[in-house]
Amino acid sequence: MNYQHLFHSGNFADVCKHLSILLLLTHFKQKDNAFCYVETHAGAGLYDLHSETAQRSAEYQQGIAQLWQQANLSPLLQNYCNIVAQFNTEIQLRYYPGSPCLVQTQLRDQDRAILAELAPSAAQELKQYMGADKRFAIHQVDAYQAIKAFLPPPEKRGLILIDPPYETGKDFSQIITSLQYLHKHWRQAVVAVWYPIKKRTEVAEFHQQVRATGLRKILATELCIYPDDNQLRLNGSGLLVVNPPWQFEEQMRGLFAELLPLLSQHPKAKSSVSWVVPE
Ligand SMILES: C[S@@+](CC[C@H](N)C(=O)[O-])C[C@H]1O[C@@H](n2cnc3c(N)ncnc32)[C@H](O)[C@@H]1O
């Protein structure tokens, strides 16, 4: 495992993913009863954008740095920037909260989280940031084993984020197996799967495999800052959402309409929200 999220923290894909998660959590919080948040590839929790590693890639410059202290943002984007600001004591942007830290600001007393992270150093950092919070259970374990070991949780309501680094070539097939497991054992869960958009053919193949599972009600939300035929880099950020809440589709369209011009000036930048499988 060579992947280090510090290279990518706060980039456009993190921004898209984290805003989508915040939006999904607002739906869960509309009801008083408890929910369980599950993250299978949790990362280190908090990232120092001034570190040598983050500075070398400087990916956050085309992500959070474009939104940071931007005026006239919608309430959702402003709330996200305010949360990031909570992790920065100075006006200058330095620390970027990964999804576990962002989610921690959103959970209520009755809610709970289960986090899995395989890399020992990232898991240790995560425990350091979140370990004292009794609502969080942190496990240094393989993501796909964690799904089978810990799910379904006693709470009937829940959100799962599956956010692998896609280093090994096995993640797409392991995700399909996990979706089938979740469909069988925790059907009402909302499942969010992040995927990279590098080659359109690869994404089309993944969507086809998802369709072949027979699962219903699956939305794909995608934001591409470069044309998706550019084979050299991460062109876009995709999030597949199984069982999206009512109105999430329209809310994501509104979010992307605001976000796209902030994150890319490329003439072929685009976003889409479409059903891979309808209800
Ligand atoms: C994209 S990063 C996670 C970022 C985090 N979800 C966030 O948004 O802040 C992917 C993480 O998965 C971890 N990882 C890689 N393979 C794993 C596996 N099989 N099980 C659990 N974690 C794994 C990596 O160490 C890395 O920290």
Side-chain angles (χ1 to χ4, degrees), residues 1-25 37-49 51 53-54 57 59-60 63-64 67 80 83-84 86-87 95-107 113-130 133 136-151 159-178 181-182 190-198 221 223 234 236-241:
M1 260 194 327
N2 297 318
Y3 183 88
Q4 256 190 294
H5 194 63
L6 187 53
F7 272 108
H8 312 292
S9 49
N11 69 2
F12 80 96
D14 259 7
V15 169
C16 292
K17 173 179 64 187
H18 293 154
L19 277 160
S20 308
I21 294 298
L22 284 179
L23 187 53
L24 287 168
L25 289 177
Y37 174 79
V38 182
E39 189 162 339
T40 55
H41 301 74
L46 189 68
Y47 302 93
D48 182 355
L49 300 176
S51 65
T53 307
S57 64
E59 289 189 16
Y60 72 96
I64 183 63
L67 271 66
Y80 165 65
I83 296 170
V84 177
Q86 288 174 27
F87 293 86
Y95 294 102
Y96 184 74
S99 29
C101 284
L102 281 170
V103 168
Q104 190 182 29
T105 67
Q106 302 301 301
L107 293 194
I114 301 171
L115 308 178
E117 166 58 51
L118 191 57
S121 56
Q124 202 181 336
E125 276 189 62
L126 196 58
K127 282 180 186 165
Q128 184 190 320
Y129 296 130
M130 338 273 312
D133 189 333
F136 281 75
I138 302 165
H139 304 274
Q140 192 204 327
V141 64
D142 172 70
Y144 306 104
Q145 284 177 8
I147 289 178
K148 289 191 177 151
F150 304 127
L151 306 183
L159 168 63
I160 307 166
L161 172 60
I162 302 178
D163 183 21
Y166 294 93
E167 272 189 321
T168 63
K170 286 193 207 149
D171 283 299
F172 283 118
S173 67
Q174 286 173 308
I175 287 167
I176 296 294
T177 308
S178 299
Y181 175 87
L182 290 166
V190 176
V191 188
V193 180
W194 184 84
Y195 58 91
I197 302 174
K198 290 182 178 166
T221 70
L223 186 142
L234 182 67
S237 169
L239 194 74
L240 207 70
V241 184

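Model, not experiment: these values are computed from the prediction. Counting starts at 1 for both ligands and their atoms, following the listed order.
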**Item:** Interatomic spacing from CG in D142 to NE2 in H41 - rounded to 0.5 Å
**Value:** 7.0 Å
**Message:** So for V141, does at least one of its heavy atoms come nearer than 4.0 angstrom to any atom of ligand 1?
**Reply:** yes
**Asked** Are W194 and S237 close enough that some pair of their side-chain heavy atoms sits under 4.5 Å apart?
**Response** yes
**Request:** Considering the heavy atoms of K17, write down every atom of ligand 1 situated less than 4.0 Å from one of them.
**Result:** 7 (C), 8 (O)
**Request:** Verify whether the ring centers belonging to Y166 and F172 lie closer than 6.0 Å.
**Result:** yes
**Request:** Tell me which protein heavy atom sits closest to atom 24 (C) of ligand 1, plus the residue, atom name and distance to 0.1 Å.
**Result:** E117 OE2, 3.4 Å
**Message:** Please check if the number of heavy atoms outside Q124 that lie under 6.0 Å from its CD is greater than 12.
**Reply:** no
**Item:** N or O contact, Y47 vs ligand 1, cut-off under 3.5 Å
**Value:** no
**Request:** Write out the residue and atom name of the closest protein heavy atom to atom 20 (N) of ligand 1, then the distance separating them to 0.1 Å.
**Result:** A143 N, 2.8 Å
**Output field: ring centroids Y96/H18 closer than 6.0 Å** = yes
**Message:** Under 4.0 Å, counting heavy atoms only: does A116 come that close to any atom of ligand 1?
**Reply:** no
**Asked** Backbone or side chain, does any N or O of L118 fall under 3.5 Å from an N or O of ligand 1?
**Response** yes
**Part of A44 within contact of ligand 1 (heavy atoms, under 4.0 Å)** = neither
**Prompt:** Do any nitrogen or oxygen atoms of Y144 lie less than 3.5 angstrom from nitrogen or oxygen atoms of ligand 1?
**Reply:** no
**Asked** Can you list the ligand 1 atoms lying under 4.0 Å from a non-hydrogen atom of D142?
**Response** 18 (C), 19 (N), 20 (N)
**Request:** List the closest protein heavy-atom neighbour of atom 3 (C) of ligand 1: residue, atom name, distance to the nearest 0.1 Å.
**Result:** H41 O, 3.1 Å
**Asked** Got the closest protein heavy atom to atom 7 (C) of ligand 1, with its distance?
**Response** S99 OG, 2.9 Å
**Item:** V193, T221, V191 screened by side chain to side chain contact (heavy atoms under 4.5 Å, CB included) with L240, the one that passes
**Value:** V193
**Asked** Are the side chain of Q140 and the backbone N or O of L118 linked by a donor-acceptor pair below 3.5 Å?
**Response** yes
**Prompt:** Between H18 and ligand 1, which part of the residue brings a heavy atom under 4.0 Å of the ligand: side chain, backbone, both or neither?
**Reply:** side chain
**Prompt:** Atoms of ligand 1 less than 4.0 Å from G98 heavy atoms?
**Reply:** 9 (O)
**Prompt:** Backbone N or O of F7 within a donor-acceptor pair of the S57 side chain at under 3.5 Å?
**Reply:** yes
**Fill in**
Residue, atom and distance of the protein heavy atom nearest atom 10 (C) of ligand 1 read D163 O, 3.5 Å
**Item:** For T40, atoms of ligand 1 separated by under 4.0 Å from a heavy atom
**Value:** 21 (C), 22 (N)
**Message:** How far is atom 15 (C) of ligand 1 from the closest protein heavy atom, and which atom is that?
**Reply:** M1 SD, 3.4 Å
**Message:** Please determine whether any non-hydrogen atom of T168 lies less than 4.0 Å from an atom of ligand 1.
**Reply:** no
**Message:** If the cut-off is 4.0 Å to any non-hydrogen atom of A119, which atoms of ligand 1 fall inside it?
**Reply:** 25 (O)
**Fill in**
So CG of L151 and CD1 of I160: to nearest 0.5 Å the spacing works out to 5.0 Å
**Request:** Compute whether any side-chain donor of one residue and acceptor of the other, for T105 and Q86, lie under 3.5 angstrom apart.
**Result:** no
**Item:** Per-residue contact class, E39 against ligand 1 - non-hydrogen pairs under 4.0 Å
**Value:** side chain
**Request:** Verify the ring-centre separation between Y47 and H5: is it less than 6.0 angstrom?
**Result:** yes
**Residue portion contacting ligand 1 (non-hydrogen atoms closer than 4.0 Å) for H5** = side chain
